[in-house]
Structure formats: structure tokens, C-alpha cells
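Per chain, numbering begins at 1; letters A, B, ... match sequence-line order. Below, each value reflects all heavy atoms present in this structure, side chains not excepted, and no hydrogens, waters or symmetry copies.
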Amino acid sequence: MPKRILKIIVLGNASVGKTSLMTQYVNRKFSIQYKATIGADFMSTEAVIDDDRITLHIWDTAGQERFQSLGASFYRGADACVLVYDITSARSLTSLDVWRDEFLVHTGGKEETFPFIVIGNKCDKEEERTVEKERAELWCKSKRGKPIEHFECSAKTGQNVHEAFLHVTKLALEQDTSDAQEVFIPEHIDVDHDTKPDQGGCGC
Amino acid sequence: MPKSASRSSMDADNAHRLVVFQNELFGDCESELEGSINLYTLSEHSFHGIPDEKGIRILCWSLLLGYLPEDRSQWFPFLTSRRKLYHSYVHEVFHSFFEERKRNDEHRTVVKISGDDTSSDVCSRISAQIEKDLRRTKLALNLFVDRKPSDIKHISEKHRKAYMADFEDSSEYSDKTASKESVPSTKTDKTVPNPDDLSDGETPTLELEGDVLEAVKPPTVTHDETSSPDIACDPIDSTIPPPDSPSAFSSLSLPELSHLFGGIFPSSFPSTAHDVLFRVLFTFARLNRSVEYVQGMNEISAVMLYVLITSSPLAFSQVLGRKDVEKVLLSPVPSSPFHRETSTSKTSESKPHPLSHVSEAHSPTTSSSSSSSITSSSSSSSSITSPSLEEVYEHETCDDPDACDKGVSSPFRQYSTRSEPFKDMNPFYHSSLDDVEADLFFLFSQLMERFRDFYIRSLDSASSGAIGCSLLAETVLKTLQPKVFKAMRTRGIILAMFSVRWSSLLFMHVIPFLPDVLVVWDCIFADDAHRQQVLRMCVDNERRSLQSPSISMGGKKDGSFGAPSRESLTSSSPSILTGMPSSVGSSPGSGRLSQTLLEGLICNPHAISPTLSHSSLKMLPSFVVFLCAGLVVMRGTIM
């Protein structure tokens, strides 16, 4: 049986901890010294589900608004999407709507069927919590389609991180992956054409 | 190659380059600055890498980026006026923000604004973003490492509340700030051993401080947790007491600011350098509203700040506190590769840089710039470690207050050894930290002016934008390096994915070693300046021909003016990047042009591609060529 490759996209506001979550899952490490992700990045890891070995490509995207349109080109062929918010930031939860909508628009995925999960990160900072668990669960329930699973994790301590990613991997497996092999081919600019001397030219 | 031989030839080469640059920069000036710079030749020389010594790099960058005028006699007056201008910018930006904020707070108590992005909200958003990014900008240079590790305390909720309690009462707060400001001497005593040294940075702007404080006081009362919850404090971050900076802007240091911005965190910024970066980025964002602040700017400005600060002993001592220089130099090596910048002698033995042997063997230009970092020009290629460390230590422990002029901190040791006179003519040598801040602002603005399009979302697909550039680079690659292109295609590698990072950080992240970053930036700035010069000449030619009576002034004018270039560019003056016919080509350095760049980019000496000098490259935007170069170098990884 050919090895399955699944593409998972991680989305969320700036500095909610997307890179940290990913690194915690893939390398089981945490560092407070991440730099802001610019553009996009991805990590590859293997997961074993029901004795099947599956290769995961987890795509980390930049959170800052400026990079959203750039990130969109990496969404294609995604099998599942992880939405991340920060439990100490209410705004990061409400932005998930935007992230989710934009993702669906760019992938052409169906709202009812496309697998999402929601991770509330930084649950080690209980004393600074501004987003109650119930509120996030309410957000998940308010969406149409498949119920969205909600996890509270801590990239710092590693709490719940593996459970969350395992769950999203399973969801992605269930998803029809027929479009996963599609390769994004960018449009081309013909250099020769572009740099042709101006016909009018300099008349001298 | 025997080490000693290569070393001495390297030294000779170094010395020679130094002379070349001194001639370019100072001409035959003896005691007064006069005459003007030839940017054309300066950019050609700079393209090979700028020497690290004597603040030459910052002077060259200022010229290449168009900050300093070409007329040498204008340098000092120009800088003075610019620095004043920056002070007024800061004043304006922060003053108007505080005013707005105040109005808004009053308003907010009555009507809760929701959804409306008032300018105050924008400010809060920007400041929060910058603050977050600066906190995790692993500046990694020792300049930015906290000054007193022993003072570090982890903030618990309790601390935070206690801290906030101090600020709950507005009158109490204003009293505090006022009293703080009224006795500045006690502040400076703590951190800077010799306040006299710093007086000239302080005096002219006292008025400004007062003004800003006026504006600071009122709005401090409210901090609306719900309005900007993103700024919540981060207990992971450690903090030290607010840096008592002797700066003219100290009333605008982060603890005060963050509070005003509706934040509820004590400063997590360990050093004055962070304050400086914050003010510069925030001011830039407010004055350039189409660009605002984009992630990546934090890193770029940090490197520029580093280069500025290490060009001026005074600023360097101000940012570190002179006694701590020693501590920092001897502190354990953090994991960052940047660390080697300030203590090369210590780390080079344990972790030889991959490039060091390469550059030594292949390209004197690269090695002269990359390994002669600061402490010693030969340490990364030789086994001398402990003596130079002791030497450094010796210098650091010297207690002479004037010592910083003689090279107390390692970056300035070169000043004492070679050709003193130019030191006084370098307008950046005597900068105080405030001057550095102003210069950083303008240099950064100049840089942004050149590369702004990468940062603007709506220009992404324009040919000068981030995506446009990478698409163009892909096309070029397809023609010139079909193998690389094919490999990328079959593996589904999207160039835009990393080219965005490359462009908005000017290759910073792919180059692990700061001196190499600096060399690559030399190339980029030089190439850009060179093109501008070429363009200027073309336009001049064009203008001349337009003025000649034989040509009609109608129809074709615009077209030929907007794109004067292909013929004239290729014939009259070649791009330095692509290797050059005519006189330039005969110089021995030209063959190394792309080599320098490529090695700097990714430490691979075998990647020099002859196809890069393909003539069609001349017409491409500079950055596209750099992108291609980067890709060609990376082909080992791709294929």
C-alpha cells in the first residue's frame, strides 16, 4: 500500500503559538525564542494510525494580516486545518471566523465537510485566561457541518498537543484526499517578452 | 593552503581594501571634509563587501542608501538637522497619539465603540504587534542581551498586580513620573558610570521630554482590559526593572508606553536597545501608514541598529553600560550564531563556521569581511583563542573613563591601531545613542523606500512586489537553470513560499552568521545604488537628447523617459551584479562578484554559475537576480 501523505495547515493570529505547537508536536521541544514566522514554513513528521504509517506535512503560516494573501497559495491540497487561538486573547478567538472563511474560499472546501479542529493554546497560563472554555466550545458548535473538536493545549508543557494532532490526522485520513496530489503551478511571466525594448524607443 | 600564508595575504588584502575605501570616502581630505563622493565607484567597491573597521560600513550604507548627501562638507550639518527632525517626528507621533487616546478614553466611557478602527485602536494594534515581535526578536547580539541577569524576575500574577496597583491612581502616577524626571541624575548614576560622557546627548532635548510628559500624564488612568486583551502579559518572559536610560527619549521608554497603550504588562524589554527599536518602528509605522509595520522589519532594524551602535563607542557604552561590556563578553555562549560577532575569539574554536575555511581558500573578499568581524580579523581562521580573549578582558577592565575612545570595547579596537585621522571625519563615530536612534530611523526609512514593495500587501503581485518578484525569478530560472527549475517543479516547491521570507528579511534567515548577512547586504545595497546611478546617467543622457532640437518633444517622450534603459543600460553602463564588459570587466575583482554573493548566501563555493552573467539578467530587478542566485546555491538541497 502506498504511503499516505497528508497536508495539514495551521492557522491563527500572530503569536498565538502556531510554530510552538508544531514544534512541540514534531520535536517535542519548546522554546520561548521563536521568531515571527514570515511567509510559510512546513515540517514533516510521521504518524502511525491503526498500524498505517502516515507522513504528515504540517504547514505553519504567518499570523500577521499582511501575509494572509501569500499564505493562501499554500492552502491548496490541504486535508485538514488546525485553527489556533490563544486563551489569553479574546480577539484571537473571534478572528478564527476570518481564518476559517478565508481558508474555505481559497481551498474551495465545503464548509459542511472540511475537517477543522480548534486549539486553544497557552493553557498553562490559567491565571491570565480571558477566553473561557465554554465560549470556545460555543464557537465550535456555532459552525455548520461536522462538529468541530476543541482542544485546550499548551505548547509549553506539551499538554494535549499530541492528542489534538492525532485527532486532526484521523480526520484528515477520513477526508477524501484525491486532490492532495495537485501541485500548484504558478502563472508565468515571460521575461523576454517583458523586457523587449519599447517599440517607440529612443529615436536618437 | 598553509594557514599563515593565507592569513598574511588576507591581512594585506584587508589593508589594501581599507585604503581603497578610505580614498573613496574621504578622498584627499586632510582635516576638513570636502569634495564629493563618487557613488558609482563606491558602489562598485562596496559590492565586494565593505570592511568592518572604523565604522566604514555604516558610512557606506548611508551613502548607498541615499541618507547622507554626496557632498562631504554637508555631512555634519545634514546629520544635525536630521536628528532634530527625528526628535520632532517622535514628538509629533507620540503626542498626537496620546491626545487621541485621551479623547478616546473619555468617549469610550459613554459609548462603547465596537468595530470602528479609530486611529487610537490602530496605534494600539501596531504597538502591541511591535512589542510582541521585539520581545521575540532574538536579537541575539550581545548588545541586546539584558544587562543584569541577576535582576531577572519571573512575573507572576502577583507581581503584575502589584505593578499595576502603582498605576491605578492617575495623580499618583503623574507625581511619580514628574519626580522621576526632575532628578535625572540619580537615574543615570545607576546605569552609566560616567554621566558626564553622556551630557551632550541629553541637553538639547530636555524641552521635548517635558512636552511629551505633559501629554503622557492624563490618559494613564484607564487601562481597558477588553479593548486590547492581546497585550496581556506573558509570564514566560522575564523582566528587569525599567532600564534607566539616560536618553532624551527616556520618558518614552517602554514601561510607560506600554501602559499608555492600554497594555497591562510591565516591561519585558531588557534593554534600552529594545526601547530604541520600538520608538523607531512605531514612528515609522505612524508616518508611513501605507506600509505600517510588517513582521520582519523588527529584524532588519535590529541589524541596522547593531551596525550603527558598533560604529560609535559612545553609543555602544550607553547601550551596555560600560562595566557590563566585560560581563557580556565573558558570559556563556548562547546558542545563537550571532553571538560570535561580539566574542569571536571565544566561540570560533568550538564551532568553526562552515564558511570560514571556504572563504579563506577561495575568496579574499568574502573572508576579509566575514571573518574580520570585530574582535580580530584572523580568529576564525586560526587557532588563537585564549590570548585574544585575555586581551579583550584586559581592555574591558581598564577603568579610564576615556577608554572607550581608545577602544575599550572590542568593536573599536581597530580605531586605535590604524590611521586615526579618519575617525574624526566619520560623522557616525561620535554619535550618542540618541543620534544613533535618529540615524537608524532615517536609514531604515531609506531602506524601506527601496524595498518597500515587498511589505505592501496590495503590491504583492506587482512586478516589484513579493510574489511578482518570485514569479519573475522562476521564469528566469527556467531559462537559465532548467534543471533547478524542473527539480523544483517536480517536488512541488513553490518559490514564493520562501522568497517572501528572503525578500522581507533581505536573506537574513538563510544566512546563519551575522557578518555574512552584512556582506550580503553590502552587495544588495551596492547593487541597488549602482543601478540608481546608472539610471541617473541614462536619464541625464535622455534629457540631453530630448533637449537637442532634432528630436520632437511629443509622443515618445514619456515612453522613452519611463523606460530609457535597455539600450542605454546595456551599452553605457553594465550592472555590477552580472559581470561587466568594458573597463570594469578587466578589474580582477569582477569574477568574484557573484561568488561573493553566493558564498555569502549559503556557504557553497561550488555554486557559481556562469549562466548568472547572462546578459538578459541586466534588465531584471536587482532582487530577482538575488533570488535566482539564492536558488542556484540552494539547488543541492532542492535536487
Next on the checklist: Can you tell me how far apart CZ (F67(A)) and CZ (R457(B)) are? Round to the nearest 0.5 Å.
Outcome noted: 11.0 Å

Checklist entry - Looking at A36(A), G63(A), A62(A), which makes the most heavy-atom pairs under 4.5 Å with chain B? => result A36(A)

Item to check | S15(A) side, atom OG; Q295(B) side, atom CD - distance, nearest 0.5 Å | outcome: 7.5 Å

Next on the checklist: Can you tell me which portion of I456(B) sits under 4.5 Å from chain A's heavy atoms? Options are side chain, backbone, both or neither.
Outcome noted: backbone

Next on the checklist: If I take atom CZ from residue R66(A) and atom CZ from residue F454(B), how far apart are they, to the nearest 0.5 angstrom?
Outcome noted: 10.0 Å

Checklist entry - Can you tell me how far the CD1 atom of I38(A) sits from the CE atom of M297(B), to the nearest 0.5 Å? => result 10.0 Å

Item to check | Step-by-step side-chain contact (heavy atoms from CB on, under 4.5 Å) determination, D41(A) to R501(B) | outcome: CA-CA 10 Å; D41(A) 215 340; R501(B) 198 172 334 155; 3.6 Å; yes

Next on the checklist: Please evaluate residues Q64(A) and Q129(B) with respect to the criterion side-chain contact (heavy atoms from CB on, under 4.5 Å), reporting the C-alpha separation (whole Å), side-chain torsions for both, the decisive distance (0.1 Å), and the verdict.
Outcome noted: CA-CA 9 Å; Q64(A) 201 188 13; Q129(B) 182 73 58; 4.0 Å; yes

Next on the checklist: Does K143(A) have more than 12 heavy atoms from other residues, nucleotides or ligands lying within 6.0 Å of its NZ?
Outcome noted: yes

